Participant: 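Let me begin by handing over the structure; questions about it come next.
None of these values were measured; they are calculated from a predicted model.
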Amino acid sequence: MQSSLSLQSQHLSLPGGHNRNLLTRGFRVPARSGGFRRKPVSAVAVPLARPQVTHSMPPEKVDVFKSLEGWARTSVLPLLKPVENCWQPHDFLPDPTLPTDEFTDQVRALRERTSELPDEYFVVLVGDMITEDALPTYQTMINTLDGVRDETGASASPWATWTRAWTAEENRHGDLIRTYLYLSGRVDMLMIERTVQYLIASGMDPGTENNPYLGFVYTSFQERATFVSHGNTARMAREGGDPVLAKICGTIASDEKRHENAYQRIVEKLLEVDPSGAMLGIADMMRKKITMPAHLMYDGQDPRIFEHFSAVAQRMGVYTADDYADILEFLVGRWKLEKMEGLTSAAREAQDFVCTLAPRIRRLQERADERARKMQPQSVRFSWIFNKEVAL
């Protein structure tokens, strides 16, 4: 359905010779006057349509992941939490077991807390929730990866065990935010539910090619991006007068941080056992750019709703092009990519590309910001908030 998505956004020539459609990401911190300052459109992006590639990992590399199963049991699975130690959505929501008057009072208090938050905050919170709710797609994507997929649906492999338990932990995120939004009365749940259904039906194509080298680079980056985004929505909710919603977003961010650590450990280990192969995988994903998992979002009305949601997010400053560059720099540092030696010539070229990419992204962003400052402000109506108009 979304393969014909037409994105009327800027085109920049990115390092490595790859042209990409530039979409906005992130939020802007509230101005002192109580409003939100407008920030120029940014460059973090959904790629142009590209041929789909499958099974790009050489078959013999499957043995790498087979050999790491013992390591995964001792170094990755401990980052999961036992179910009895996990928070649940019930911990943050009005208690339906209370007498009707008390339950109603809790819902009323929730609505009062959310009443002062601006419409654009709800646009971004809804977009984040829809992204979390499309979890079946993400589990499916991980289970396409050669050598680490769940072969039976209940495999005892540590890779499969991780994927199922990661999914179970992530599943709480969308459940909690969706229920909170429902009780707030600030959003059109019918349009949100349709968007979730469209998105799950459309799937995603992050360019991971059934290749776990690429897949784990993608999730390492994406989980950190989600940590940054939820952390900033937490801060904005607190500044907007809803400490409960701030705690919700902050708690979700802490989950993402733990999951980020797991995926980054996997890539770290791959760099140890197969440095050239892992370096080439990192460069491959960076050349493609990290596509947001909800890039095929659609509400049945606006074929550019992901672009518009992203533009609002960029203006508010929750996840921006600077954040994208920051994450890349963080990963270069965590994985000690600049210090790696003994690489093949192709891997050395990949190393140079990755380690010098973040400054080039920042320079491109500065030019995009300068062009955006010369453009007329635009706005769009969002079905998620009863077709209210919001500035982009």
Participant: Ignoring hydrogens, what is the shortest heavy-atom contact between Phe309 and Gly127? Give both atom names and the distance.
Facilitator: CE1-CA, 3.6 Å
Participant: Same cluster or not: are Phe382 and Leu117 linked, directly or through other Ile, Leu, Val, Met, Phe, Trp or Tyr residues, by side-chain heavy atoms under 4.5 angstrom apart?
Facilitator: yes
Participant: Counting neighbours of CD on Glu341 that are heavy atoms of other residues, nucleotides or ligands and sit closer than 6.0 Å, is the number greater than 12?
Facilitator: no
Participant: Are Val53 and Leu145 in one and the same hydrophobic cluster, where Ile, Leu, Val, Met, Phe, Trp and Tyr link if side-chain heavy atoms are under 4.5 Å apart?
Facilitator: no
Participant: Is the number of heavy atoms from other residues, nucleotides or ligands under 6.0 Å of Glu69 CD greater than 12?
Facilitator: yes
Participant: Could you check whether any side-chain heavy atom of Leu214 comes within less than 4.5 Å of a side-chain heavy atom of Val217, counting everything from C-beta outward?
Facilitator: no
Participant: Flag the pair Arg363 and Glu366 as a salt bridge only when some basic side-chain nitrogen lies within less than 4.0 angstrom of an acidic carboxylate oxygen.
Facilitator: no
Participant: Do Asp119 and Arg186 sit within salt-bridge range, that is, some charged N less than 4.0 Å from a carboxylate O?
Facilitator: yes
Participant: Among Asp369, Asp323, Asp322, which one satisfies salt bridge (charged side-chain N to carboxylate O under 4.0 Å, His left out) with Arg362?
Facilitator: Asp322
Participant: Would you say Ser56 and Asn211 are linked by a side-chain donor-acceptor pair, where the criterion is simply a distance under 3.5 Å?
Facilitator: yes
Participant: Do Leu280 and Ile282 land in one hydrophobic cluster if side-chain heavy atoms of ILVMFWY residues count as linked below 4.5 Å?
Facilitator: no
Participant: Kindly indicate, with the supporting measurements, whether the criterion salt bridge (charged side-chain N to carboxylate O under 4.0 Å, His left out) is fulfilled by Asp255 and Lys81.
Facilitator: CA-CA 10 Å; Asp255 271 1; Lys81 283 188 175 182; 5.3 Å; no
Participant: If you compare all heavy atoms of Glu329 against all heavy atoms of Ala358, which two are closest, and at what distance to 0.1 Å?
Facilitator: CG-CB, 3.4 Å
Participant: Please assess Glu272 against Lys269 for the test salt bridge (charged side-chain N to carboxylate O under 4.0 Å, His left out), listing each intermediate value before the final yes or no.
Facilitator: CA-CA 5 Å; Glu272 177 187 324; Lys269 189 65 174 178; 3.1 Å; yes
Participant: Whether the side chain of Ser67 engages the backbone of Val64 through a donor-acceptor N/O pair (distance < 3.5 Å, no angle test) should be reported.
Facilitator: yes
Participant: Report yes if some heavy atom in the side chain of Tyr138 is under 4.5 Å from a heavy atom in the side chain of Leu135; otherwise report no.
Facilitator: yes
Participant: Do Leu77 and Val148 belong to the same hydrophobic cluster, where Ile, Leu, Val, Met, Phe, Trp and Tyr are linked whenever their side-chain heavy atoms lie under 4.5 Å apart, directly or via other members?
Facilitator: yes
Participant: Quick one: are the ring centres of Phe221 and Phe330 less than 6.0 Å apart?
Facilitator: no
Participant: Is there a path of hydrophobic side-chain contacts, each under 4.5 Å between heavy atoms of I, L, V, M, F, W or Y residues, that connects Ile200 with Ile130?
Facilitator: yes
Participant: Flag the pair Trp162 / Ser157 as yes when at least one side-chain heavy-atom distance between them is below 4.5 Å, and no otherwise.
Facilitator: no
Participant: Anything under 30° is parallel, anything over 60° is perpendicular, the rest tilted; go ahead and classify Trp71 against Trp159.
Facilitator: tilted
Participant: Is it the case that Gln106 and Glu102 place a side-chain donor and acceptor less than 3.5 Å from each other?
Facilitator: no
Participant: Between Tyr213 and Asp284, do the side chains contain a donor N or O and an acceptor N or O under 3.5 Å apart?
Facilitator: no
Participant: Do we see a donor-acceptor contact under 3.5 Å between the side chains of Ser115 and Arg111?
Facilitator: no
Participant: With the side chain counted from C-beta on, respond yes when Gln301 and Ser383 share a heavy-atom pair under 4.5 Å apart, and no when they do not.
Facilitator: yes
Participant: Given Gln264 and Glu260, is the side chain to side chain donor-acceptor pair (under 3.5 Å) satisfied, shown in steps?
Facilitator: CA-CA 6 Å; Gln264 289 168 12; Glu260 164 202 341; 3.0 Å; yes
Participant: Is the shortest distance from a Lys or Arg side-chain nitrogen in Asp175 or Arg172 to a carboxylate oxygen in the other one below 4.0 Å?
Facilitator: no
Participant: Distance only, no hydrogens: is a donor on one side chain within 3.5 Å (strictly under) of an acceptor on the other, for His230 and Glu132?
Facilitator: yes
Participant: Quick one, Glu307 with His295, criterion side chain to side chain donor-acceptor pair (under 3.5 Å). Give me CA distance, side-chain angles, the key distance, then yes/no.
Facilitator: CA-CA 8 Å; Glu307 180 184 356; His295 65 280; over 6 Å; no
Participant: Under the criterion side-chain contact (heavy atoms from CB on, under 4.5 Å), I'd like the reasoning laid out for Ile142 against Trp166: C-alpha separation, chi angles, the key distance, then a yes or no.
Facilitator: CA-CA 11 Å; Ile142 294 174; Trp166 169 83; 3.7 Å; yes
Participant: State, with a plain yes or no, whether a side-chain heavy atom of Met129 is found less than 4.5 Å away from one of Ile192.
Facilitator: yes
Participant: Ignoring hydrogens and geometry, is there a side-chain-to-backbone donor-acceptor pair from Arg360 to Thr356 under 3.5 Å?
Facilitator: yes
Participant: Check this for me, if you would: do Arg258 and Glu169 make a salt bridge, where the nitrogen-to-carboxylate-oxygen distance has to be below 4.0 angstrom?
Facilitator: yes
Participant: Determine whether Glu223 and Lys257 make a side-chain contact, defined as any pair of heavy atoms from C-beta on separated by less than 4.5 Å.
Facilitator: no
Participant: Are any of the side-chain heavy atoms of Gln222 and Met292 separated by less than 4.5 Å?
Facilitator: yes
Participant: Answer yes when Arg373 and Glu370 have at least one side-chain N-carboxylate O distance shorter than 4.0 Å, and no when they do not.
Facilitator: yes
Participant: Would you please test Ile290 and Tyr324 for side-chain contact (heavy atoms from CB on, under 4.5 Å) and show each step?
Facilitator: CA-CA 9 Å; Ile290 300 298; Tyr324 188 99; 3.9 Å; yes
Participant: Considering non-hydrogen atoms only, spot the tightest contact between Ser202 and Leu296 and give its length.
Facilitator: O-CD1, 3.5 Å
Participant: Taking all atoms of both residues into account, what is the closest heavy-atom pair of Asp133 and Gly174, and its distance?
Facilitator: OD1-CA, 3.5 Å
Participant: Would you say the side chains of Thr163 and Asp150 form a donor-acceptor pair under 3.5 Å?
Facilitator: no
Participant: Identify each donor-acceptor pair in which a side-chain atom of residues 385-392 lies under 3.5 Å from a protein atom, sequence neighbours left out, and give them as a table.
Facilitator:
{"from": "Glu389", "atom 1": "OE1", "to": "Ser379", "atom 2": "OG", "distance (Å)": "3.1"}

Participant: Salt bridge between Arg194 and Asp299, side-chain N to carboxylate O under 4.0 Å?
Facilitator: no
Participant: Asp128 versus Ile252: any side-chain heavy-atom pair under 4.5 Å?
Facilitator: no
Participant: Take Asn261 and Arg224 through the test side chain to side chain donor-acceptor pair (under 3.5 Å) and record every step on the way to the result.
Facilitator: CA-CA 9 Å; Asn261 191 23; Arg224 186 166 182 83; over 6 Å; no
Participant: Apply side-chain contact (heavy atoms from CB on, under 4.5 Å) to residues Arg348 and Met279 and explain how you reach the verdict.
Facilitator: CA-CA 8 Å; Arg348 285 197 301 273; Met279 182 64 77; over 6 Å; no
Participant: Keeping Ser220 on the side-chain end and Tyr263 on the backbone end, is there a donor-acceptor pair under 3.5 Å?
Facilitator: yes
Participant: For Thr195, give me all partners under side-chain hydrogen bond (donor to acceptor under 3.5 Å, both in side chains), at least two apart in sequence or on another chain.
Facilitator: Trp384
Participant: Determine the minimum heavy-atom distance between Leu80 and Ala165, stating which atoms define it.
Facilitator: CD1-CB, 3.5 Å
Participant: Give a yes or no answer on whether the side chain of Thr140 reaches the backbone of Pro136 with a donor-acceptor pair at less than 3.5 Å.
Facilitator: yes
Participant: Compare every heavy atom of Ala294 with every heavy atom of Thr131, then report the nearest pair and how far apart it is.
Facilitator: OG1-CB, 3.4 Å
Participant: Would you check, one step at a time, whether the test side-chain contact (heavy atoms from CB on, under 4.5 Å) holds for Glu209 with Lys288?
Facilitator: CA-CA 12 Å; Glu209 303 174 2; Lys288 293 170 182 170; 2.8 Å; yes
Participant: Taking atom types as modelled and ignoring hydrogens, do the side chains of Asn143 and Arg164 form a donor-acceptor contact shorter than 3.5 angstrom?
Facilitator: no
Participant: Please check if the side chain of Thr167 supplies one atom and the backbone of Gln139 the other of a donor-acceptor pair under 3.5 Å.
Facilitator: no
Participant: The test is side chain to side chain donor-acceptor pair (under 3.5 Å); show your working for His259 and Glu170 and say whether it passes.
Facilitator: CA-CA 9 Å; His259 297 159; Glu170 290 275 335; 2.8 Å; yes
